[in-house]
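To find a chain, count down the sequence lines: A is the first, B the second, and so on, and within it residues start at 1.
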Protein chains: 2
Amino acid sequence: MFQINLRGGRGAIYQQLKDEVIRLTGMGVLGPDDQLPSVRSLARELGINPNTVAKAYSQLEQDGITYSVAGRGSFIRGDIVQLREVHRKTLAEFKETVSRAKSLGLTQEELTEAVDEVFSSAGAPPALEEGNGEKSDREKGEDN
Amino acid sequence: MFQINLRGGRGAIYQQLKDEVIRLTGMGVLGPDDQLPSVRSLARELGINPNTVAKAYSQLEQDGITYSVAGRGSFIRGDIVQLREVHRKTLAEFKETVSRAKSLGLTQEELTEAVDEVFSSAGAPPALEEGNGEKSDREKGEDN
DNA sequence: CTAAGTGTACTAGAAAGCTTAATACACTTA
DNA sequence: TAAGTGTATTAAGCTTTCTAGTACACTTAG
C-alpha cells in the first residue's frame with residue numbers, strides 16, 4: 001500500500017511515511033474515513049519499528065490529516081481542507097530552499113527550468129476538487 | 001566580514017559558513033587569491049569552535065572553491081569555474097525539493113510563483129562574468 | 001634561530017534527532 | 001474472553017554536529 005524507500009531515501013522514515021499518506025490523500029487514493037494500516041501491521045510489512053509508524057501517525061493527526069481512535073485505528077479526516085496547511089508549510093520550506101539557491105548563484109531561469117523539468121517527467125498529474133459536496137456516507141462521526 | 005546566523009539559522013554552522021564564502025565569491029566580493037580569515041580568528045570573531053571553521057574550510061577546499069597552505073592560510077581559487085560544480089549540486093538538491101513538493105500536492109504554478117517572489121524581493125542582483133581575464137592584484141590582505 | 005601565526009590532525013565528550021526494543025495500559029470488536 | 005487497536009513509557013544504540021583540548025609541520029617576521 002505504501003511505497004517507502006526505507007533508509008537511503010530522502011530524510012527520516014517517519015517523514016517519508018507522512019509524505020506518502022499526504023501524497024495518497026492528495027491524489028484521492030485515500031479518501032475521508034479510509035482506514036490506514038494498523039501501526040503494528042504496517043511496521044511488520046515495512047520491516048521497521050512500530051514506534052516509528054506510531055510517530056508518523058501521531059504527527060499526521062497533529063497536522064490535521066488523520067484522526068485516531070484507540071481500539072479502532074487511524075483514519076483520513078473528512079475535511080481535507082487541512083491539506084492547505086500542509087501546502088503552506090511546504091511552500092514556506094520551498095522558499096527557504098529557493099533563497100539558499102539564489103544566494104549560491106543559481107539564476108531564476110535555472111530554478112524555473114528545474115521546476116518545469118520535474119513536472120514534465122510525469123508523476124502525480126491529477127488534482128483535488130476545490131468545492132466538493134461529495135462527502136459520501138462514510139461519516140462515522142466519532143471524530144474529534 | 002561574514003554574516004552568520006549562528007544557531008537558529010538554516011542548518012549546520014559549518015554549512016552556513018560554506019554558503020557564505022560561496023555567496024561572497026559569486027558576488028565578486030571575494031576574488032581569486034583573496035585570503036580568508038584564519039581558522040582561529042574567525043572562530044574567535046563568531047564565538048564558535050575553531051574545529052567548526054576548519055571543517056568548513058576543509059570542505060570548501062575539497063569542493064574546489066579554495067586552496068589552503070599550511071603556515072600561510074586559505075585563499076579563493078583562481079579558477080572560479082569550480083562554482084559550476086556547486087551550482088550542479090545545488091540544482092540537484094533543489095530538484096529533490098521540487099519533487100517532494102510536487103508529491104505533496106503543490107502545483108507547478110505555485111512553485112514557479114514562489115521562485116518569482118524570492119527573486120523579486122531583492123537580494124543578490126549582480127552576476128559573475130563568464131570569460132574574464134581580469135585577475136588583478138586587488139586587496140592583498142588589509143582585511144581583518 | 002626564535003616566536004607567532006597558519007592549516008591540519010587526533011581524541012574525547014555533550015547534545016540532538018532517529019530508530020529500535022520491550023513493556024504496559026485502555027479501548028474496541030468479534 | 002481474546003485479539004487487535006492507538007498510546008505511553010523507559011532504555012539503548014546510532015549518526016551528526018559542535019565543543020574542547022592537544023599536538024604537529026609549516027610559513028613568516030624579528
Of the listed nucleotides D:dG21, D:dC18, C:dT20, the one nearest the side chain of A:N51: C:dT20
side-chain hydrogen bond (donor to acceptor under 3.5 Å, both in side chains) between A:D33 and A:Y67, worked out: CA-CA 9 Å; A:D33 298 315; A:Y67 63 91; 2.5 Å; yes
Side-chain N,O (A:T52) to OP1/OP2 (C:dT20) below 4.0 Å: yes
A:Y14 side-chain N/O to C:dT19 phosphate OP1/OP2 under 4.0 Å: no
CA sep, side-chain torsions, deciding dist, call: A:D63, A:Q59, side-chain hydrogen bond (donor to acceptor under 3.5 Å, both in side chains): CA-CA 6 Å; A:D63 290 352; A:Q59 292 194 11; over 6 Å; no
Sugar-phosphate, base or nothing in reach of A:Q35, heavy atoms under 4.0 Å: nothing
Candidate list A:S68, A:S58, A:S74, A:P50, test side-chain contact (heavy atoms from CB on, under 4.5 Å), partner A:V39, passing option: A:P50
Closest non-hydrogen atom pair, B:L17 against B:A56: CB-CB, 3.8 Å
Upstream residue (5' side of DNA chain C) when A:N49 and A:A70 are each assigned their closest nucleotide: A:N49
Centroid separation B:F94 to A:F94 less than 6.0 Å: yes
Integer-rounded Å distance: D:dT19 P and B:R44 CZ: 15 Å
Length of the line joining A:F75:CZ and C:dT28:P, which is rounded to integer Å: 12 Å
Dot-bracket encoding of pairs in DNA chain C, which uses [ ] for pseudoknotted crossings and | for another strand, Watson-Crick or G-U under 3.5 angstrom: ||||||||||||||||||||||||||||||
Under 4.0 angstrom between A:S68 side-chain N/O and D:dG6 OP1 or OP2: no
Below 4.0 Å: OP1/OP2 of C:dT29 and any side-chain N or O of A:R72: yes
Residue-phosphate contact under 4.0 Å: B:K55 side-chain N/O, D:dC18 OP1/OP2: no
Over all atoms of both residues, closest heavy-atom pair of B:V118 and A:K95: CG2-O, 4.1 Å
Nearest-angstrom distance from the residue atom CG of A:L42 to P of C:dT20: 12 Å
Rounded distance in Å - CG (A:L36) to C1' (D:dG4): 16 Å
Integer-rounded Å distance: C:dG5 P and B:E45 CD: 16 Å
Nearest heavy-atom neighbours spanning B:P37 and B:L42: CB-CB, 3.9 Å
Side-chain ion pair, A:E61 and A:R77, N-O less than 4.0 Å: no
Which nucleotide in C:dT19, C:dC25, D:dA23 has an atom nearest any side-chain atom of B:R40: D:dA23
Integer-rounded Å distance: D:dG6 C1' and A:Y67 OH: 14 Å
Distance, rounded to the nearest Å, where A:K18 contributes NZ and C:dC18 contributes C1': 14 Å
From D:dC18, D:dG6, C:dG7, nucleotide with atom closest to B:A12 side chain: D:dC18
Separation of atom CD in A:Q62 from atom P in D:dA8, rounded to whole Å: 11 Å
Residue B:I13, side-chain heavy atoms: nucleotide from C:dA21, D:dG6, D:dC18 that is nearest: D:dC18
